[in-house]
Every structure is written in C-alpha cells, then in structure tokens.
Amino acid sequence: MNTPFTATTNHAISHMNVGDGIEPITVIGTEDIRNGFDPTCLEQARNSRLAPGVSHLVLNPDAHGGYGAPIGCVLASPTHIYPGPVGVDIKCSMSLLQMDIPEEELRNKSVRRAIINAICERTPTGAGKGQRSVRKSRRVSRALGKQVALEGASFGVCDQLGIPPDWATKCEDAFHVGFDGTAGTLGERLDVLLASGLFPTFESKVEQLGSYGGGNHFGECEIVRIAEGAREQAVAETFGLMDRRAAFLSHCGSRGFGFQLANHQFNTLQTQFAAKGWAYPGNDKELVYAELGTNEANDYICDMSLGANFATVNHLLINALVLEAFQEVLPGTTGHLVYFISHNIARKEQVGNQEMWVHRKGATRAFPAQHEGLLNTPFYETGHPILLPGNPQDGSAVMVANPDAVQSLYSVNHGAGRAMGRRAAMRTLNQSDVDASFDTKDILTNCRTYPLDEAPAAYKDFSEVLRSVEEAGLATQVAKLKARFVIKDSDKSLRGAA
DNA sequence: ATGTCC
C-alpha cells in the first residue's frame, strides 16, 4: 500500500511531501501511529502546509481532524497569523498542583468522595456553568473581569482572587499583550468589543472564572510516581514534584469568553475573504488568515491575548479553589503550582534565525534546558515541565524536553488524541462496561454515568503516543500520574451533592 | 471547544 510518508534516520520521525521544492511536513509517530491518522487530518495538514506564509508544519502523534488544521499540529509563519490553528478554545491548557498528601490518605473512598464534593462546591462543570451554579461561589466584579482580560495573572489580579502571586512564575506565559507588545492596545480593543455589543452580558462570561466547562475538560486527582534515573529525579526536584503524593491535574481553557472571541474572529475574517473574493487555503474557510501588520491581524492578536489572559486566570483560580477544597477535608494540606502550560495558542518565537508566530493547536511547547525562552524562569537549567494528559485509567505524564525537540519546532503532543469521533464512541461503547472499568480500578468520579464519548477507549493508546515522542528523541518522562478520582461534566453528575 | 445553531 502506498504511504504518504518518507523515512528519516529516526523511525519515529518521517516526512510527508506536499510538492516539489517545498519543505515537507515533519511527522512525529511510530509506524502504528502514522498508519492511524484519519484522512481528514492528513488533508488538513497538507492544506495548512501549503497555506500562504506558512514555512513549517509538524504533525504530532496524537493528531486528528480539527477546525481547518489538525488538532495535534504546529504551524509556523513569519508573515501571517492563523486563527484556526489556535482553535476555538483559545489557550486551552493544562495545570498541575502538587500537594503534600501521602497516597495512603486517599485510599479511603469516603475521604476521596468528600474531596470530590468539596471541589464540586467550588468549581462547576458543564457548558454555560459558572460560579452562580455552585454553593461556595466566588464573586468576581465586572471591573475585575476586565482587569483579568487585560493583565492576566498580574500581582493585582492574583491578590484580589486569592491566588498565591508566586504561581505566576510557574506559568508558560502569565500574561499576553496586544499586537504592539503592550497592554495598551489590548485595553483599546476590549473597549471596542464591549461597546460593539459582542458581549451583551460580559458579567456572564466573567462569572465563568474558576470553572471547567465540558467536552474533554476535566480535573483529576493523581498520585505522582517519579521516574527512575538520576537526571529524571533531579529534574523532578526542580519541578517541585513529590513522589507518591497527591497532585491535581486540570484541563480547561477560556470558556465562553474565549469561544466568543474566536467565533467572532472567524466570522469577521470569513466575511472579509468573501467580500474581497480571496481564496481560502485548500478551499477550506476554516483556514482563514490575516497578514501581519493589517488591522485584521492586529485585532486577532489582541482578541487571542484577551482570551488567553482569561484562560490563565481561570486555571490559577481553579487551582486555588481546588487547594481550598482539599484543605477543607484534610486540614493543614499545603500545595504549590508545578506548572501551567497551553496547547492552543500562537506565540512569537525564534525559529532558526527568524522570528515567527508559532501556532500550537493541540500541541505543547517543549523548550529544553538552556533555551533562551526560559531565561529568567525557574526552569532554565532543566527545561520546563510538559504536562500531558493520557487517560484516567492508563495514567498521564510529566515530561521534559531534550535538545532534539528542535526538530519539532520545540513542541510535543498535547495528550492521547481521539481515536474515534464522539458519535462513534456513543454508539460503540457500552455504558455499564465503561462505568465498571472505573470501579475495577478504584477510580472515583463525580458522574453517575461516565460520558461515553470521553471514555478511555475513545482515545488513542497513550503509551504508543508517548513512545513516539520518546523514540523521536523529543522529550523524556519525568513522572507518571495515576488517577484516584476524576471531575468531569456529565448531565447526571453529583455536582455539589452531599 | 461552545448557553452543543451567535
């Protein structure tokens, strides 16, 4: 059978040619992974590579079809910005909170159940849900909501929300700025958006700070297992990981605020393309773009930054609320943020000797030790933590990048990646089997019935994805995370129940 | 991902 991939000297890295004289797509993945990519994913990768101004494209082992571009790709351009390869959930991210609770203390189911309830009283799940829908809600004023969008995790914002201010130093980016590199243009843009009526009730978006949302978003209590090996253990110590103690992994983004910003951008840019009769890359309107320096690009960069700042504070607030919940059940518990890192964002980075917008869509930044992007961070000597959710039954991973990550635009995957669509999962998987699989492994959830489209079986084999990254030489596992309970959106969830 | 059709 014909394969679109050509071999390199590393069996987990191959190339996909898209035309003569065009640098091919870099594909990360073992043969099993390469043969598993869906046709939509490969077509989107080709369209993205051939799109105007795009100079590099990397396809990750967890890739599958997305909005215009694959979920699980990295796209770099020195001249253009692409909203699709950032995604609808601007700055969807992972964060990890390490606590000092020994694993023995979580053996007791009733202790875990009490913590689940304490968390669900503070951090709501589900579409449209915000602080109004939980008992122990945090009130955030409209004025503070604006400050959040403009400043991200600034000292003032953290102080007002009860977020330890040093957590801002454990963020990939604690804040994002406007197209000119200042927060000034961000403020002007937010005023324009608020006056335009895009947010009839800005308050309804602000009150979603400290909430998970739905879909693949989750919170998960983990037991940390640090890898063997001198380098791994030294890195784990720098990361602040604690072996055989509880940690909390969170996955969520910018909620309705980011969605609305992204959606408005797609509509605005597609209207402009239609009015001017411009062609879409690959005839796919989801791959709409703006050339840097235009008003359209400037507006997009501002809107992305506003959404990104919201997502950052959303994550930090969730972590503060989750720590509070653990402390309510287990008084004296201490915790610190290990890291907060996105997998849906565009950042300005050096690629070779050129500055580019690196778009990571379902891809995680992976800067190794001594990368200049880590100067003045706690991770310059080690590389930063890479937080990768697998699935609650097979575990998740913390990794650190190797110098070879240069081959993938200093990026790795963002998780396992979907193996089947939501509809197929709902049709194929059996509810009682899925629920029983959690019982068997003694993993509690807040759901009466686990959402089938989110069952581990709906995702790719995480170990094969990790093997791809490791054998490609991009990154090394520092710790494994084993789930003890999961917080997910479910129609029948036990939100805040006693 | 998303008040699951802004």
Side-chain angles (χ1 to χ4, degrees), chain A residues 40-41 44 62-73 82-95 123-134 193-194 196-209 211-219 250-271 274 285-286 288 303-304 306-308 310-312 314-315 318 342-346 359-364 389 414-418 421-426 451-454 458-459 487-493 495:
Chain A
T40 308
C41 171
Q44 289 180 341
D62 55 342
H64 55 100
Y67 188 90
I71 295 169
C73 80
Y82 279 81
V86 170
V88 186
D89 187 5
I90 294 168
K91 208 181 183 186
C92 186
S93 310
M94 302 302 305
S95 56
T123 62
T125 57
K129 292 295 195 304
Q131 289 290 330
R132 278 175 308 191
S133 57
V134 287
L193 290 170
L194 290 174
S196 76
L198 179 64
F199 302 106
T201 52
F202 181 60
E203 293 80 356
S204 73
K205 304 301 165 211
V206 172
E207 71 109 21
Q208 293 185 336
L209 285 166
S211 70
Y212 278 107
N216 59 6
H217 291 172
F218 68 87
S250 292
H251 177 207
C252 65
S254 47
R255 306 290 283 102
F257 183 60
F259 172 81
Q260 223 163 340
L261 289 166
N263 200 262
H264 180 62
Q265 278 294 337
F266 286 122
N267 289 335
T268 303
L269 290 170
Q270 286 161 0
T271 300
K285 68 175 185 176
E286 298 181 353
V288 71
D303 290 4
M304 182 188 73
L306 291 166
F310 188 97
T312 303
N314 186 32
H315 259 269
I318 282 174
S342 181
H343 47 241
N344 280 8
I345 195 74
H359 306 63
R360 293 190 177 88
K361 171 61 194 159
T364 313
H414 80 307
R418 294 201 75 85
R422 295 189 180 278
R423 198 166 298 177
M426 299 290 274
L452 284 184
D453 51 345
E454 285 297 316
Y459 284 86
I487 309 287
K488 290 272 309 175
D489 174 39
S490 168
D491 289 336
K492 298 163 189 166
S493 69
R495 273 182 214 113

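Predicted, not measured: the structure shown is a model, and the values here were computed from it. Convention: sequence-line order gives letters A, B, ...; per-chain numbering from 1. Just so it is clear, the values below take in all heavy atoms, side chains as well, and ignore hydrogens, waters and symmetry mates.
Using the six-membered ring where Trp is involved, A:Tyr67 and A:Phe266 have ring planes that are tilted, between 30° and 60° apart. Ring planes of A:His251 and A:Phe218: perpendicular class, angle over 60° (limits at 30 and 60°).
Backbone-only contact: A:Gly213 has heavy atoms under 4.0 Å from sugar-phosphate atoms and none from a base. Within the 4.0 angstrom heavy-atom criterion, no nucleotide atom of any strand lies near A:His264. Across all strands, A:Gly256 comes closer than 4.0 Å only to sugar-phosphate atoms, never to a base (heavy-atom distances). Within the nucleic acid shown, A:Gly214 comes within 4.0 Å of sugar-phosphate atoms alone, with no base atom in reach, counting heavy atoms only. Nucleic acid contact class of A:Asn344 (heavy atoms, under 4.0 Å, all strands): none.
Between A:Lys129 and A:Glu207 no salt bridge is recorded (no basic side-chain N to carboxylate O distance below 4.0 Å).
Contact check, A:Gln208 against B:dT2: no side-chain N or O comes under 4.0 Å of OP1 or OP2.
Rounded to whole Å, atom P of B:dG3 lies 7 Å from atom CZ of A:Phe259. Taking atom CD of A:Glu454 as the reference point, atom C1' of B:dT4 lies 14 Å away to the nearest angstrom. In this structure, A:Lys129 atom NZ and B:dT4 atom P are separated by 11 Å, rounded to whole Å. Taking atom CZ of A:Phe266 as the reference point, atom P of B:dC5 lies 17 Å away to the nearest angstrom. Regarding A:Tyr67, its OH atom lies at a distance of 17 Å from the P atom of B:dT4, rounded to whole Å. Note: CZ (A:Phe257) to C1' (B:dG3) measures 17 Å, nearest angstrom. Between A:Gln260 atom CD and B:dT2 atom P there is a gap of 12 Å when expressed in whole angstrom units. Protein atom CG of A:Leu261 is 14 Å distant from nucleotide atom P of B:dC6, rounded to whole Å.
The closest side-chain donor-acceptor pair between A:Thr123 and A:Tyr212, if any, does not fall under 3.5 angstrom.
Nearest-nucleotide assignment on DNA chain B puts the 5′-proximal partner with A:Arg255, out of A:Arg255 and A:Asn263. With the nearest nucleotide of DNA chain B identified for both A:Leu198 and A:Arg422, A:Arg422 has the one nearer the 5' end.
Side-chain N or O atoms of A:Asn314 include one that pairs as donor or acceptor with a backbone N or O of A:Ser211 at under 3.5 Å.
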